[in-house]
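Written out below as structure tokens is the structure these notes cover.
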Amino acid sequence: MDPYKTLTDPLLCAFPELAASDLSFTTPPNQALGDVAVPMFLAARKLKCAPPALAVQAAERAQFGPEVVSASPAGPYLNLKLDRSRVGRDILEAVLREGDRFGSTNVGAGKRVVIEHTSINPNASPHVGRARNAMIGDSLTRLFRFQGHEVEAHYYVNDMGRQIGLLVLIASELEELSFDQVLDAYVRANDRAKDDEAFAQRGYDLLLKMEEGDPAAQEQFRAVTDLCLKGQLAVLARLGAQYDVFDRESKYVRDPRLDAVCAALREKDALFTDEEERLVVDLSKLGHAVEEGRYFVLMRGNGSSMYGYRDLAYTMDKEALGADINVMVLGEDHKMYAQQLSMILEAAGHAAPEPIYYSYIILKDGKMSTRQGKVVLLSDFLDQASALAAERVASQCASLSPDEQLLIAEQVAVSAIRFAVLRVNPNKNVTFDMEAALSFQGDTGPYIQYSCARIRSILRKHGESVPAIPGESFEAGTDAEWALLSKVASFPEVASAAFSQRSCAGIAVYALELARTFTTFYHDCPVLSADTPSQRVSRLQMCQAVLQVLSNALSILGIEAPEQM
RNA sequence: GCCCCGAUAGUUCAGUGGAUAGAACGGCCGCCUCCUAAGCGGCAAACACAAGUUCGAUUCUUGUUCGGGGCACCA
């Protein structure tokens, strides 16, 4: 869908020296100037003339088709006024024809993606900071699928290691451990290990036993980590996060493929056993320039493996799936680790996944701190938001059943958190304001849902189906209508950028802008009580198309748009 | 100390090598006989600082300041 395609040729015809890449189309600062602006800077440079002079020449020489009503130079720009109804009809036709595929370039057709995300340590109920990984990962999964890829979403379950060992130890001292008590037990276990050396040693011993295959130890680890995973997944499911495969870290202990990696490292003189019998990689032998982080420990002196050692095997496992795109979503705290891992794998002839980093979520009054209880648990947020939304729904949608009302409230809650987090560029910290996120006002997910509900209300009241093909009588003359159509037309570009940038933030911002543009239209342009029947149909079609595009964008963000709210 | 990210209205976020830097929240003033006021209109309000590249820099470079993350036996 490129509404400006028909504008390129006449310009190229008038200036044969130019290529399509010398031309771009933007929106003029206000609609009085025109509907489309062509900046002349690039073209002028190529033709070695001044941009304003070229704009004048272009206006005189270009022979535009019927879609252009007028072309006027304004400084270095050529402003075009379009036959809005004609161009708008083409835009609408594309949206209504392509439906839930509108916006997809289908670049992923026939291609496979492996994405790993969330992978929260099984030690606590997730807070919104951890959940940023899940939201980013889940939305990327949806974006890849939207662009035509076949995607497998993986969740790496860190079901072993020293800290889990300590947790298992504490758990065995308790009568019973519930999911809610896990974090507390985890914190206590780690604290105790600090001053109680015997306790810490028992933890290491237990871990080693488990790694060596002791069935009782393995059963203990399994029970504790299953409890945690189950609790975590229940919360993540509320968010709408979906996973296809759960990979357990314990599966990758002593993986035979690691021998080959070690051999490759030895070959390069990058592997050594230190004075305490630890197996260590010297990354400086692999080209690691900086002094810090040049050592990477694979095995403890007692023979139990480190996280990175298992991760090497896991990463090779994912590589072996042979996907065209292999990505993993990581907190920025994992940057150096991922680089180290990648360096080791490369030395052994393997490729690491493409990392997608995100920064932490911080609270208004500073960093989150699990220890100080300064965290916003995802489940707490969802509970509060859902309860608040339920009150509104109860008064505004009284005719719906309690179950339906509850469903809507939950959808609003999920949209509030997903939108608040996803709309921020991943490489920036998100400052999370509980109060703002619960207000559902302004730049929020619920605002977009509300716009959808208004559209649905209009379509419901119209009662009949809307013709899916805009006819000759289609009209879109007003500024508000044109603004809406041109916004709709830009969705494919937004979705493509999101794919290449591996970020759904632009989609979130776009959805908000489209919803806002629709609201202006909603106030300026009566639909059901339009002046003429053809105007009514045209506007109904615009509503239909906007709902479609909003739905497409929201579904990438993992947000549902309720019928009413 | 060293390395990696970031810095835009009071606050939370957009944005761009070129037309008047957009929203929202908060503040003030208005709007429900009108397709849902979770809404709309109006007013006040910003490119951290300093050099450099450029016809033109908020955008690119470097330095400074501040914030986030990291720097071997955690995962």
Side-chain angles (χ1 to χ4, degrees), chain A residues 26 28-30 33 37 39-41 50-51 74-77 79 119-123 156 158 160-164 190 204 249 274 276 278-283 289-302 304 306-308 310-311 331-337 339-340 357 359-360 362 364 367 389 392-393 396-397 412 416 420 423-425 427-433 435-437 439-444 446-451 453-462 505-506 508-510 512-513 516 519-520 522-530 539 543 564-565:
Chain A
T26 66
N30 67 67
L33 288 169
M40 290 295 164
F41 302 104
Y77 295 90
N79 289 327
S119 306
I120 302 173
N121 286 346
N123 62 11
Y156 191 43
N158 306 128
M160 57 178 299
R162 184 187 98 104
Q163 296 179 67
I164 302 300
N190 280 286
Y204 284 121
E249 188 182 342
D274 76 357
E276 287 173 55
R278 295 177 295 220
L279 190 62
V280 183
V281 183
D282 181 355
L283 294 165
V290 287
E291 190 61 25
E292 58 262 38
R294 67 178 278 198
Y295 296 113
F296 191 93
V297 179
L298 295 179
M299 295 266 232
R300 295 187 177 89
N302 75 351
S304 72
M306 296 289 292
Y307 177 79
R310 292 164 240 140
D311 205 9
E332 65 174 339
D333 53 329
H334 282 65
K335 252 183 201 175
M336 195 177 87
Y337 166 78
Q339 281 160 7
Q340 293 173 324
Y357 298 110
S359 295
Y360 281 18
I362 54 185
K364 251 197 147 167
K367 290 186 245 182
R392 296 289 292 275
V393 173
Q396 287 175 222
C397 308
V412 169
R423 78 185 197 111
V424 181
N425 279 327
N427 62 344
K428 289 201 189 188
N429 290 105
V430 172
T431 305
F432 186 75
D433 182 347
E435 208 181 318
S439 82
F440 309 148
Q441 278 182 16
D443 289 356
T444 62
Y447 174 86
I448 303 168
Q449 292 176 309
Y450 186 66
S451 305
R454 282 174 147 177
I455 297 174
R456 295 196 136 114
S457 171
I458 292 173
L459 295 173
R460 210 166 40 237
K461 287 187 173 161
H462 172 63
V509 171
Y510 171 82
L512 186 65
E513 286 169 355
R516 246 190 328 247
T519 304
T520 303
Y522 180 85
H523 284 279
D524 290 0
C525 307
V527 178
L528 297 177
S529 57
R539 289 180 175 173
C543 286
Q564 50 180 307
M565 62 187 278

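No hydrogens, no waters, no symmetry mates; every other heavy atom, side chains included, goes into these values. The sequence lines fix the lettering, A, B, ..., with proteins before strands; numbering per chain opens at 1.
By the rule that a glycosidic angle within 90° of 0 means syn, B:C66 does not qualify and counts as anti.
Taking atom C1' in both B:U36 and B:C40, one finds a spacing of 13 Å when rounded to whole Å. Comparing the same atom, P, in B:C25 and in B:A37 gives a spacing of 16 Å after rounding to whole Å. Nucleotides B:A21 and B:G15, compared at atom C1', are 7 Å apart to the nearest Å. The same atom, P, is picked in B:U62 and in B:C71; the two are 25 Å apart, to the nearest Å. B:U65 and B:A72 have their C1' atoms separated by 32 Å, given to the nearest Å. Straight-line distance between the P atoms of B:G68 and B:C31: roughly 45 Å, to the nearest whole Å. Here the separation of B:C13 from B:C49, taken at their C1' atoms, is 23 Å to the nearest Å. Atom name P, nucleotides B:G67 and B:A24: the rounded distance is 31 Å, in whole Å.
Among the protein residues, A:Arg392 comes within range of the nucleic acid bases, having at least one heavy atom under 4.0 Å from a base atom. Within 4.0 Å of A:Gln564, counting heavy atoms only, lies at least one base atom of the nucleic acid. As judged by a 4.0 angstrom heavy-atom cut-off over every strand, A:Ala37 is placed among the base-contacting residues. Within 4.0 Å of A:Asp311, counting heavy atoms only, lies no atom of the nucleic acid at all. If you check every strand for non-hydrogen atoms under 4.0 Å, A:Asp282 touches nothing. Looking at heavy-atom distances under 4.0 Å, A:Tyr522 makes contact with a base. Contact annotation for A:Val424: backbone-only contact, meaning every heavy-atom pair under 4.0 Å involves sugar-phosphate atoms and none involves a base. Among the atoms of the strands shown, only primed sugar atoms or phosphate atoms (P, OP1, OP2) are found under 4.0 Å from some heavy atom of A:Tyr204. Contact annotation for A:His334: base contact, defined as any heavy-atom pair under 4.0 Å involving a base atom. Counting non-hydrogen atoms under 4.0 angstrom, A:Val430 reaches the backbone sugars and phosphates but no base. At the heavy-atom level, A:Cys397 lies nowhere under 4.0 Å from the strands shown. Residue contacts for A:Gln449: at a heavy-atom cut-off of 4.0 Å it reaches no nucleic acid atom on any strand shown.
The aromatic rings of A:Phe41 and A:Tyr77 sit perpendicular, their planes meeting at an angle over 60°, well past the 30° parallel limit.
Comparing atom distances between the A:Val297 side chain and each of B:A19, B:A72, B:A38 picks out B:A72 as nearest. Proximity note for A:Tyr295 (side chain, C-beta onward) versus B:A72, B:U36, B:A19: the nearest is B:A72. Closest to the side chain of A:Tyr337, from the set B:A75, B:C13, B:C35, is B:A75. Comparing B:G39, B:A38, B:C13 by their nearest atom to the side chain of A:Arg454 picks out B:G39. Side chain of A:Met306, nearest nucleotide from B:A75, B:A38, B:C40: B:A75. In the set B:G68, B:A19, B:C35, the nucleotide with an atom closest to the side chain of A:Ile458 is B:C35. Nearest to the side-chain atoms of A:Met336 among the listed nucleotides B:G70, B:C13, B:A38 stands B:G70. Nearest to the side-chain atoms of A:Pro446 among the listed nucleotides B:A38, B:A19, B:A14 stands B:A38. Distance from the side chain of A:Leu33 is smallest for B:A19 among the nucleotides B:C13, B:A38, B:A19.
For A:Tyr447 and B:C40, the shortest distance from a side-chain N or O to OP1 or OP2 is below 4.0 Å. Taking only side-chain nitrogens and oxygens, A:Lys367 never comes nearer than 4.0 Å to OP1 or OP2 of B:G67. Taking 4.0 angstrom as the limit, A:Arg423 places none of its side-chain polar atoms (N or O) nearer than this to OP1 or OP2 of B:C13. Considering only side-chain N and O atoms, A:Ser457 lies under 4.0 angstrom from the phosphate OP1 or OP2 of B:U36.
Inter-residue side-chain proximity for A:Tyr295 and A:Asp274 is flagged as unmet; no heavy-atom pair is nearer than 4.5 Å. Using a 4.5 Å heavy-atom threshold, the side chains of A:Arg162 and A:Asn190 count as touching.
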Show me the protein contacts with nucleotides 24-29 of chain B, counting only N or O atoms at under 3.5 Å.
residue : atom : partner  : partner atom : Å
B:A24   : O4'  : A:Asp443 : OD1          : 3.0
B:A24   : O4'  : A:Asp443 : OD2          : 3.1
B:A24   : O2'  : A:Asp443 : N            : 3.2

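The distance from atom CE of A:Met565 to atom P of B:C35 is 18 Å, rounded to the nearest whole Å. Going from atom CG of A:Leu298 over to atom C1' of B:A75 covers 15 Å, rounded to whole Å. Taking atom CD of A:Gln396 as the reference point, atom P of B:U36 lies 11 Å away to the nearest angstrom. What separates CZ of A:Arg294 from C1' of B:C3 is a distance of 16 Å, to the nearest Å. For A:Ile164 and B:A75, the CD1 to P distance is 9 Å, given to the nearest whole Å. In this entry the distance linking CD1 of A:Ile455 with C1' of B:G39 reads 14 Å, nearest Å. When the C1' atom of B:A72 is taken as reference, atom CZ of A:Arg300 falls 12 Å away, rounded to whole Å. Regarding A:Gln340, its CD atom lies at a distance of 13 Å from the C1' atom of B:C4, rounded to whole Å.
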Inset, instruction - Let me have a per-nucleotide readout for nucleotides 5-11 of chain B, 5' to 3', with B, S or -, counting only protein heavy atoms under 4.0 Å. - result: SSS---S
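Judged by the 6.0 Å and 45° rule, A:Lys367 forms no cation-pi pair with A:Tyr360.
Nucleotides of RNA chain B nearest to A:Gly506 and A:Leu512 differ in position, and the one nearer the 5' end is that of A:Gly506. Both A:Gly161 and A:Thr519 lie near RNA chain B, and the one whose nearest nucleotide falls closer to the 5' end is A:Thr519.
Looking at RNA chain B, the stems built from 3 or more consecutive Watson-Crick or G-U wobble pairs, each pair with its key distances under 3.5 Å, are B:1-7 with B:65-71, B:10-13 with B:22-25, B:27-31 with B:39-43, B:48-52 with B:60-64.
Per the stacking criterion (ring centres < 5.5 Å, plane angle < 30°), A:Tyr450 does not stack onto the base of B:A38.
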